[in-house]
Amino acid sequence: MKQETGRTAESAGGDMQNGDGMKIGTGMPKETQVKATGKTETAANTAEQPLASFQVITDTHVRDDADHIHNRHFEAALADIASYCEGSLGIMHAGDVTDRGLAPEYREFGRIWNGRPDGLPPMYITLGNHDIGAILWGEGDKPIDLSALSGAEIEDVLDGNFPAGTVGPSAEAEDEFQAAAVSADKIAEPPVNAIEALAEAAAAAGLDLGGMQARLALSDEEEANGGPAGGVWKRRMRRFAEGTGAAAPYHDHWIGGYHFIFLGSEVPHPKDCDLSSAQLAWLTERLAEEASPDRPVFVFLHQPLRDTVAGSMESQGWYGVNQDAELKKVLAACPQAILFTGHTHWQLEAQRTMYDGQGRMPSMFNASSVAYLWTDADEHLSGSEGLQVDIYRGRVVVRGRDFVKRAWIEAAEYTVRYPLDREKEAAAAIGQNPMLH
């Protein structure tokens with residue numbers, strides 16, 4: 001289904017709005033031959049000051065309990081960012097704003113953001129699967145399939161009133177659910193694919209995943225007439241818009257002379273994202289807008305592409321773009337772009353925080369998580385992290401930040417250089433990119 005999106009052009013400072021004219025936040029803030037290095041040049045060791053800067057956070061998973069560790073991590077992250085963000089173009093949030101997309105959680109998100117420290121820039125937001133998915137977790141160990149409920153029942157659940165017997169774990173529970181799917185994928189004989197593994201884990205949890213998929217696969221006509229998929233999507237998206245001010249699943253902004261593009265799922269899939277052909281066509285047009293090989297374009301999507309950044313390897317299972325090949329093809333036409341994603345929660349000290357596009361694809365970064373972390377050993381880790389992005393003439397510097405320790409992560413410092421290598425750009429344009437085959 002085609003979604004409307006709006007446009008804004010902004011400079012640093014003052015009130016900012018999303019494409020639909022809704023305020024996301026207020027701020028008071030006073031160039032690839034693509035090449036990555038493990039260490040980088042930062043403002044700390046050079047007199048050169050960046051032309052512009054911004055921050056990237058993701059997976060805040062705000063709960064309805066003000067004292068929940070996720071909420072406290074979000075508050076601490078904002079306080080830390082306020083200590084070094086002077087002049088920032090904005091805080092870019094790559095999705096999973098809330099844990100379950102419930103009205104009480106959005107109210108908590110609003111309370112935290114409205115009580116933020118002075119000096120923070122505006123926040124720009126895209127959606128994640130926890131915000132709009134058809135599956136959410138109650139206060140027990142049983143998931144709730146919204147596609148199996150009536151409209152009134154969906155609204156009741158989204159208000160925080162759960163059916164009996166659905167009390168439970170939330171984000172960590174979903175991680176265990178997905179980890180079970182990945183483990184099943186590793187040990188089955190013969191190996192099963194991710195969809196089959198997820199189905200096995202769903203069955204163990206008493207969830208009719210096949211029935212849900214069928215309900216979400218209704219035709220456009222059925223959705224327009226109020227079918228379950230359309231009903232879930234519209235209700236989830238309305239709650240997201242009311243809670244965050246981001247009223248469209250995809251939108252773009254010109255801020256401080258740089259193009260920021262936000263992508264998002266248009267189907268309430270419980271884990272992955274679905275990008276319509278209309279969104280992909282829109283992205284093709286936006287990437288070409290005033291494009292130059294010496295000026296980066298910044299793209300944000302919750303789920304990473306397969307076999308790119310940490311957690312997205314096929315064996316890890318946390319990739320999640322159902323139009324993976326199609327999106328890679330579109331992005332290959334703009335290798336000067338940089339894609340930031342969340343979803344995996346992988347800590348920034350893990351392998352593959354950065355995917356080097358080598359002039360044939362955009363460089364890509366895992367933005368970790370504010371709520372909690374995950375490791376290469378496939379284990380939960382308490383912590384809270386994000387990224388600082390500094391734009392210099394001829395390069396973009398990306399640094400990891402530990403919000404709990406209020407310190408830079410030395411092992412997570414990268415440089416993407418500009419302008420593009422013209423020969424590599426030409427090779428990508430004629431289809432010599434190995435990622436596209």
Side-chain angles (χ1 to χ4, degrees), residues 5-30 50-60 62 71 73-98 106-128 131 240-264 286 296-302 338 340-342 365 367 370 386-391 396 398-399 401 403:
T5 184
R7 305 296 308 281
T8 60
E10 298 133 358
S11 58
D15 288 359
M16 293 206 179
Q17 301 176 338
N18 69 3
D20 293 73
M22 300 177 67
K23 291 183 180 178
I24 297 176
T26 59
M28 300 175 58
K30 311 227 168 217
L51 302 173
S53 298
F54 61 92
Q55 294 73 42
V56 184
I57 63 172
T58 187
D59 293 86
T60 46
V62 170
N71 302 33
H73 274 168
F74 184 32
E75 290 176 307
L78 294 178
D80 187 33
I81 291 171
S83 70
Y84 60 82
C85 72
E86 182 178 2
S88 171
L89 298 179
I91 300 172
M92 313 303 165
H93 196 310
D96 278 2
V97 176
T98 62
Y106 285 122
R107 286 195 291 270
E108 257 301 288
F109 170 77
R111 179 194 67 78
I112 294 170
W113 179 247
N114 291 333
R116 66 195 181 277
D118 291 338
L120 282 176
M123 181 180 291
Y124 297 83
I125 298 174
T126 192
L127 49 82
D131 301 312
F240 182 78
E242 291 171 351
T244 68
Y250 54 97
H251 48 96
D252 70 317
H253 314 262
W254 281 91
I255 312 171
Y258 296 94
H259 204 173
F260 293 79
I261 302 175
F262 296 79
L263 308 177
R286 294 299 179 263
V297 177
F298 303 106
V299 183
F300 306 85
L301 174 63
H302 183 64
I338 299 178
F340 297 93
T341 58
F365 286 91
V370 170
L387 299 175
Q388 168 77 9
V389 183
D390 295 317
I391 308 168
V396 171
V398 179
R399 292 184 285 164
R401 183 74 176 183
F403 296 132

Going by the ring-ring contact (aromatic ring centres under 6.0 Å, His included) test, name the single residue among Trp254, Phe298, Phe300 that passes it with His259. Trp254
Does the ring centre of His251 sit less than 6.0 Å away from the ring centre of Phe262? yes
Measure the spacing between [atom1] of [X] and [atom2] of [Y] and express it to the nearest 0.5 Å.
X	Y	atom1	atom2	answer
Gln388	Asp80	CD	CG	10.0 Å
Gln55	Asp390	CD	CG	8.5 Å
Ile255	Leu89	CD1	CG	6.5 Å
Arg286	Ile261	CZ	CD1	8.0 Å
Met92	Phe340	CE	CZ	9.5 Å
Phe54	Ile81	CZ	CD1	12.5 Å

Side-chain heavy atoms of [X] within contact of [Y], under 4.5 Å:
X	Y	value
Val398	Val56	no
Leu51	Tyr258	yes
Phe240	Thr98	no
Met123	Thr244	no
Ile391	Pro50	no

The test is side-chain contact (heavy atoms from CB on, under 4.5 Å); show your working for Ile57 and Phe403 and say whether it passes. CA-CA 11 Å; Ile57 63 172; Phe403 296 132; 4.1 Å; yes
Using the six-membered ring wherever Trp is involved, compare the ring planes of Phe109 and Phe74 and label them parallel, tilted or perpendicular (cut-offs 30° and 60°). parallel
Minimum-distance pair of heavy atoms, taken over all atoms of [X] and [Y]:
X	Y	value
Leu120	Cys85	CD2-SG, 4.0 Å
Thr126	His302	CG2-N, 4.5 Å
Pro121	Ile91	CG-CG1, 3.8 Å
Gly342	Thr58	CA-OG1, 3.6 Å
Val370	Ala77	CG1-CB, 4.2 Å

Side chain of Asp131, backbone of Asp96: donor and acceptor closer than 3.5 Å? yes
